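Owing to the predicted nature of the structure, the values given are computational and were not obtained by experimental measurement. Throughout, a chain's letter reflects where its sequence line sits, starting with A, and its residues are numbered from 1.
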Number of protein chains: 2
Amino acid sequence: MTEKATPSPEAIKAWARLMRVSRQLMESAEEALKAAGLPPLAWYDVLHELAEAGEGGLRPFQLIERTLFAQYNISRLLARLEADGLVEKLPVADDGRGHTIRITAKGRETRRQMWAVYGRSITELVGAKLSADELTRVSALLGRLRHPPASD
Amino acid sequence: MTEKATPSPEAIKAWARLMRVSRQLMESAEEALKAAGLPPLAWYDVLHELAEAGEGGLRPFQLIERTLFAQYNISRLLARLEADGLVEKLPVADDGRGHTIRITAKGRETRRQMWAVYGRSITELVGAKLSADELTRVSALLGRLRHPPASD
DNA sequence: TCTATATAGATGCAAATGCATTAACCTTGG
DNA sequence: CCAAGGTTAATGCATTTGCATCTATATAGA
């Protein structure tokens with residue numbers, strides 16, 4: 001018996017849909033931001049995490065855990081954010097290797113502006129296409145594809 | 001009345017899940033290919049379309065329609081595929097501007113090898129996580145997020 | 001304490017991407 | 001037939017990404 005193991009047609013279709021749709025939606029959102037003269041989505045992700053973290057800020061490695069960015073990616077993204085005055089790097093007392101990243105007032109403002117556009121994209125691309133109930137079901141099903149699986 | 005329009009919590013969650021999960025799964029699949037010493041997923045997409053197109057091949061602009069790649073992206077990807085001997089560019093009779101791209105025997109072989117790994121990833125990451133019925137439901141829901149919406 | 005190892009983050013270099021433009025060819029209207 | 005405009009594909013240049021490595025600090029073990 002050979003090791004064939006081609007996925008089921010249902011699995012292939014779900015995979016293809018997932019990849020296609022996510023890329024398409026992401027590109028639409030990205031395009032809307034660009035059209036508004038705002039920074040790319042990646043910046044939003046980081047600003048969002050930092051805004052939630054509050055005054056305490058976050059260490060770069062914590063951002064890596066929360067987002068899915070690679071280490072060098074975060075390192076350079078933070079450098080750009082700092083150059084734009086959206087975040088600040090503070091030395092951390094008990095660990096001389098790293099620093100804490102804190103969002104600035106300007107960073108919060110940029111995040112607000114981005115959310116105005118990004119949120120609208122989410123509404124148009126997702127919120128307007130499925131009912132609340134259907135959205136919940138999609139979330140639940142996708143959650144089970146996550147690693148580790150999400151219960152809710 | 002202000003123009004607030006923050007998306008519903010359900011929409012936000014579905015969006016976040018979609019973005020996270022798709023990136024995570026894509027990266028897993030990509031990693032598996034790399035670990036097997038095979039080319040990236042983008043190559044598979046193109047080889048797949050070309051394999052389906054058969055001996056007639058496809059024009060670059062047709063590949064752009066079928067995949068979601070940008071024009072310059074396809075142009076360079078095809079250059080790399082050609083350099084590796086996986087596709088060949090044939091002049092097209094009635095249009096001197098472009099050429100037809102045809103997959104070579106080596107290209108088919110590479111695609112086969114990639115599918116062995118890629119298919120396994122799909123099975124593990126998706127096929128093994130949800131039932132056939134659930135997969136069908138995910139596909140249907142995601143299809144409605146597509147542009148244009150898919151019926152099935 | 002001193003050495004080995006682990007962790008945090010930055011960076012040099014090569015490859016890929018995005019953007020704008022260009023080159024080549026086709027089509028259409030006069 | 002010719003000019004104007006459209007389509008197909010490639011490419012120069014700047015930015016971004018990926019990989020590997022490197023520096024600096026921290027921690028654990030002899």
In plain terms, say whether Glu52(A) and Arg66(A) are close enough for a salt bridge, that is, a side-chain N and a carboxylate O under 4.0 Å apart. no

From CZ of Phe61(B) across to P of dC26(C) the rounded distance in Å is 13 Å

Tell me the interatomic distance from Leu68(B), atom CG, to dT17(C), atom P, rounded to whole angstroms. 14 Å

5'-most contact on DNA chain D: Thr100(B) or Ala93(A), nearest heavy atom basis? Thr100(B)

OP1 or OP2 of dT7(C) versus the side-chain N and O atoms of Arg59(A): is any pair under 4.0 Å? no

Taking OP1 and OP2 of dA8(C), is either one under 4.0 Å from a side-chain nitrogen or oxygen of Lys89(A)? no

Ile74(A) CD1 to dT11(C) P: how many Å, rounded? 16 Å

Of all of residues 46-54 of chain B, which get a heavy atom below 4.0 angstrom from DNA chain C, listed by number? none

May I have the distance from Asp94(B) (atom CG) to dC26(C) (atom C1'), rounded to whole angstrom? 11 Å

Taking CD1 from Ile101(B) and C1' from dA9(D), how many angstroms apart are they, rounded to a whole number? 10 Å

Any side-chain heavy-atom pair from Trp43(A) and Leu86(A) closer than 4.5 angstrom? yes

Nucleotide dA8(C), atom P - distance to CG of Leu78(A) in whole Å: 15 Å

Between Ser75(B) and Gln71(B), is there a donor-acceptor pair closer than 3.5 Å when you use the side chain of the first and the backbone of the second? no

Counterpart residues, ring-ring contact (aromatic ring centres under 6.0 Å, His included), relative to Trp115(A) (two or more places apart): Tyr44(A), Tyr118(A)

Footprint string (nucleotides 14-25 of chain D, 5' to 3'): B base within contact, S backbone only, - free, heavy atoms under 4.0 Å: ---BBB----BB

Interatomic distance where CD belongs to Gln62(B) and C1' belongs to dT7(D) [whole Å]: 14 Å

Stem finding on DNA chain C, please: runs of three or more consecutive Watson-Crick or G-U wobble pairs, both distances under 3.5 Å, sorted by first number. C:1-30 with D:1-30

I'd like to know if the side chain of Thr100(B) reaches the main chain of Arg59(B), judged simply by a donor and an acceptor atom lying under 3.5 Å from each other, with no hydrogens or angles considered. no

Taking only residues at least two apart or on different chains, which pairs with a member in residues 79-92 of chain A satisfy side chain to side chain donor-acceptor pair (under 3.5 Å)? Glu88(A)-Arg102(A)

Could you state the CD-P distance from Glu30(B) to dA16(C), rounded to the nearest angstrom? 12 Å

Should Lys129(A) and Glu10(B) count as an ion pair when the cut-off is N to O under 4.0 Å? no

Tell me, please, which residues at least two apart from Glu30(B) pass salt bridge (charged side-chain N to carboxylate O under 4.0 Å, His left out). none

Do Thr6(A) and Ile122(B) have side chains that approach each other closer than 4.5 Å (heavy atoms only, starting at C-beta)? no

From Leu41(A) CG over to Met26(A) CE, what is the distance, rounded to the nearest 0.5 angstrom? 6.5 Å

Salt-bridged, Arg112(A) to Glu109(A), with N to O below 4.0 Å? yes

